[in-house]
Enquirer: 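The structure is given below, and queries will be raised subsequently.
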Amino acid sequence: MNNGNIFLDLLVRFAPEGTPSWLLDLSAAGVGVGILVAMVSVIAMFCVWMERKVAGHIQCRYGPMYVGGWHGWAQSIADGVKLLLKEDMIPIGADRPLFVLAPALVLGSIFAALAALPLAPGVFFADIDLGLFFILAMSSMTTIGVVMAGWASASKWTVYGAMREAAQVVAYEIPLGISLMVPLIVAGTFNLNEASALQSGWYGMHWYIFQNPFVLPAFALFFISALAETKRAPFDLPEAESELVAGFMTEYSGIRWSFFFMEEYAAMFLMSVVAAVFFLGGFESPFTSLARDVFGEQHFLASLTAGLVLLVKAFGGIFLMMWLRWTLPRVRIDQVMTMGYKYLTPLALLCVLGASIFEALWLGVA
Amino acid sequence: MLDVKTQDLEVNMGPQHPATHGVMRVLVRTDGELVTGAQPHLGYLHRAAEKIGENVEWLQYLPYTDRYDYLAAMNNNLGYSLAVEALMDIEIPRRAQMIRVICAELNRIASHLVAYGTYGLDIGAFTPFLYAFREREWILMLFEKICGARLTYSYIRIGGVFNDAPPGWLDEIGHFCDVFEDKWREYVDLLMMNKIFVERTAKVGVISKEMALDFGLTGPMLRGSGVDFDLRRDCPYMIYDEIWQAGAYEIPVGTGEQGVLGDSWDRFYVRVQEMLESLKIVRWCLANIEEGPTIGELPKTLKVPAGEAYVGIENPRGELGHYVVSDGGKVAVRCRVRGPSFVNLAVLEDLLPNTLLADTVAIIGSTDIVVGETDR
Amino acid sequence: MDFQALYAHLQAQGAAGLGGCDEPRAKDPEDKQDKGRAGDPFVLVAVEQLPAFLQLCRDDEALGFEVLIDLSAVDPAAEDEDLWLVIQLLSLRHRHRLMIKSMVPKATPCAPTVAPVYRAAQWHERECAEMFGITFEGHSDPRHILLPEDWVGYPLRKDYVFPKEYRGVSCE
Amino acid sequence: MSVVASYINNIVSGVKSTLVGMRITGKYFLKKPITVQYPDERLPIPNRYRGIHYLEQEKCINCLACARACPVDCIEMDAVRHGKELEWVKFTIDYQKCMFCELCVYPCPKDCIHMGNEFAFVTTDRSELHHDLLSYKGMSREARIRKREAEEKKKKKAAAKAAKAAKEAQAAETEGDPPQPTEGEA
């Protein structure tokens, strides 16, 4: 029986008789966290490499080509090692405890949010009924870390970056949440596993965006808000390298800086997975349904296919984010606010209204 | 009511800042994101070019002219050469004039490409920068073929040009012209007409016609404010008058199409359009170029008669003036350089207050300065 | 208008401080010492009257010099008693130029500021002041512009001696 | 334009221009990059490239024209003249100063200094930027041979002259004229 943690299940199965249950719980959590951290780090590193390659090819160049041989695949690892070995600098005027805590908080909260993601049907770190709620709450925590970093650095540029981040995230949490309500109305659940499973009809094409005409515009709104949430161009104002030097992370260097960097890519992955689950069918696709038919519902190959389908969808979203970043200029802070409050929020509300009416009529008919 | 007042923040933009296009410092006083005062500080790249001009021989000064506006070195060479030639009585062969015009106009395109690319960078779009540099690279390669250098050409000399064009060079330029037009379309679509770019630059940093004249702005800064004036047409030098009479090119002027007349977008669009006009001039020269000598008859040692002359030419950034004074000796008495960037930059003091911090970057970018020239 | 017409017009208008003109001429074959004079013509204006003169140049319809292109100075020789203050004007309407020259004695290097007439002159005057040591009376922002505030001497003067060091940094 | 119309227009134009931009960047994403992988591949360097100088030492006559033309005085040359032949001491270019303007190339009467296509000139020591263009110091073998030949010729000539003078002197002596002052030199 699934009690919410597959690692605990495995441990219970293989642990020697008489092990105290708190030890089992603790070790299961430890293993889970370890795997999560490793997985997210690998994904973030891959995303960094991918970003550099995508940017390169969009700009008629190759991007990294040397480290590791094939298309510079080991570039991120090399960079990571370099960043680890760099001198850890804390500015003299900085607020030391906050300065040190900020990257940890940023990375920690994004890891916590990622814990709620499903890896494959039935494979997850934490099965939370209010999963989406948890993800949104945790990913908002990063803002606190960013503001802390900006303030603690004792630099004018970082304060600008931090204030921009705070204003931007406050503005975009609203359309982000509201636009997510549209698929929630269709799905009726906050649980990511369940939400994904509900799209399995129509040979795996019964995605929410096809279930209700208002989900597609909601998806566009969600995607734009997610860009702003993750500080991606054209909403990368907190960093705004041509205006604020490097924004809130101006004073950071070495591994602490790389935490912010990893957070950005982890957040991109998180948002892409959420988009995939709540708009684009989650695990479901014709391949998934085919694999299920061929191998059987519980077969691990079916699960693998499902997991890969989700991964492909997530990376599709990440690619779109990169594509946008290397196409668009940056918006100004007041335009960010205008866009958030005057365009995205009312449009998202309209989508909710439309989806509700459609759903009510549909259900009424059916 | 509560009277809440925050303290103004003084921020040093520069000397090392991505938006100042070199080592310039703008002391910005801000109230939150709002800029309440700005003061440009120059001189970080001051290399005493004018003093050097008084200490080296006439021809030896040529390489130094490359170095003030290093993005348009051909134009600088040309300006200096014309100023010295104004004192001397020499006939410049027609082929040399044609090659001069081709080089100057290609260099104008290259310079505007950098302006376009870096402005995109200021606004936050990275990709147009590399697209622009791709075409600029081509132009630099063409220059490399004719004079051997990519940035500091020292090619246009007093009395003509140093070398004749190598075989096939003119055909390559023809090919470049054909390809460039398609790419130009992409520049406009990708950045100039992008909604975010328009929002960021239209109605930002508006320079009225009166203000432009009062500040002595020239070049695209002036034309962006709707003043139809171009030295190539209105104070013609070399063969530009002939080209204008032939109807080969037009002068783009700001129209306020996307916002207000004289805003950053207008200034920028003038530059982008100028690329195409320069291309037309190059095409005309390619069609009309003839064989012939490329250097006038010069004495072995350059002798410049006593006197003084001022010659202003249309640099990509505005009027580049050289005021040279000679006493008949081997060395200039005075070699004054009127750099357009220097003059155009002065407008920042009045333009920046009451804009947002992000606009500051957009406005500095729209003046398209080269710090090598402001500081000389 | 060409230079003669401009000069005649200036004379007719009774321009303040107008003190003659100088035009290029060929070498005098009789005189061995004479080098002739090449280049552009200019008008000579008394330095105290410069603002009034420029005001006329700007506001007179026939002259119509909207733009002050350049303002700089020349130190002709170390032994010379005057600095030249040289101003280039440009008329966009009439497409003509005018070079104006004023003599500023080295003994009392003072000139009235022309920035109220042409705002463009402000930075040029700052540069001129630090490079030649000309004091522009009434200038609103008399800071150095290209050189550091504590720079000693006026570099573009012919009698300028290059410093051996600046703030402990050797300049040799 | 009414507020609503401009509101909708903003959305439409924003989406449209974004799509146009994405089409362009997407097009280049699929194309082959134009850059070359520098140390492995190199772009061709044109003939007129202004790189590190090279000197055709055989032709050079040590006339200093290039050194005089140099705006930064970075060329130093020194040679001892033995008749027509040159014994080279140095011909250095200080690449800390050189700005590759090619002004030294044009005035050369013998067309012997050129700018090559070598541009990578990386050292860890500034003194190495003081580059000696000489391929040999002193005199070349040919020059030495020529010098020796010239000297021999000279000697022969001198000998012949001396012999002639001696003959003349003898003749004069036999004629009984007073000796001439030039005789002492012979």
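A, B, ... follow the sequence lines: proteins, then strands. Residue 1 opens every chain. Note that the coordinates shown come from a computational prediction; the quantities given were computed from them, not determined experimentally.
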Enquirer: Could you give the distance from OG1 (A/Thr327) to CG (D/Leu19), rounded to the nearest 0.5 Å?
Expert: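 Answer for the OG1-CG pair, A/Thr327 versus D/Leu19, is 10.0 Å.
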
Enquirer: How close do D/Met22 and A/Leu324 get, heavy atom to heavy atom, and via which atoms?
Expert: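 Reported closest heavy-atom pair: SD-CD2, 3.7 Å.
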
Enquirer: Using the six-membered ring wherever Trp is involved, compare the ring planes of D/Phe29 and A/His57 and label them parallel, tilted or perpendicular (cut-offs 30° and 60°).
Expert: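 Perpendicular: the ring planes of D/Phe29 and A/His57 meet at over 60°.
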
Enquirer: In terms of heavy-atom proximity below 4.5 Å to chain D, should A/Pro329 be classed as side chain, backbone, both, or neither?
Expert: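 Contact with chain D involves no heavy atom of A/Pro329 at all.
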
Enquirer: Between D/Lys27 and chain A, which part of the residue has a heavy atom less than 4.5 Å away: side chain, backbone, both or neither?
Expert: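 Neither part; nothing is under 4.5 Å.
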
Enquirer: When you compare the side chain of D/Tyr28 with that of A/Gln59, does any pair of heavy atoms fall below 4.5 Å?
Expert: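 A/Gln59 vs D/Tyr28: side chains apart.
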
Enquirer: Using every non-hydrogen atom in the two residues, find where A/Trp323 and D/Gly26 come nearest and quote the distance to one decimal.
Expert: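 Heavy atoms only, the tightest pair is NE1-N, 3.5 Å.
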
Enquirer: Please report the shortest heavy-atom distance between A/Tyr66 and D/Asp40, naming the atom on each side.
Expert: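 Heavy-atom minimum between the residues: OH-OD2, 2.6 Å.
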
Enquirer: Taking all non-hydrogen atoms of both residues, which atom of D/Ile11 and which atom of A/Tyr343 are closest, and how far apart?
Expert: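 D/Ile11 and A/Tyr343 have their closest heavy atoms at CG1-CD2, 3.6 Å.
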
Enquirer: Take a 6.0 Å sphere around CG of D/Asp125 and say whether it holds more than 12 heavy atoms from other residues, nucleotides or ligands.
Expert: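 Atom CG in D/Asp125 is packed in, count exceeds 12.
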
Enquirer: What are the two closest non-hydrogen atoms of D/Tyr7 and A/Lys342, and how far apart are they?
Expert: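 Answer, listing the atom of D/Tyr7 first, then A/Lys342: OH-O, 2.6 Å.
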
Enquirer: Tell me which of these, D/Asn10, D/Val15, D/Val36, has more heavy-atom pairs under 4.5 Å with chain A than the rest.
Expert: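 That would be D/Asn10.
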
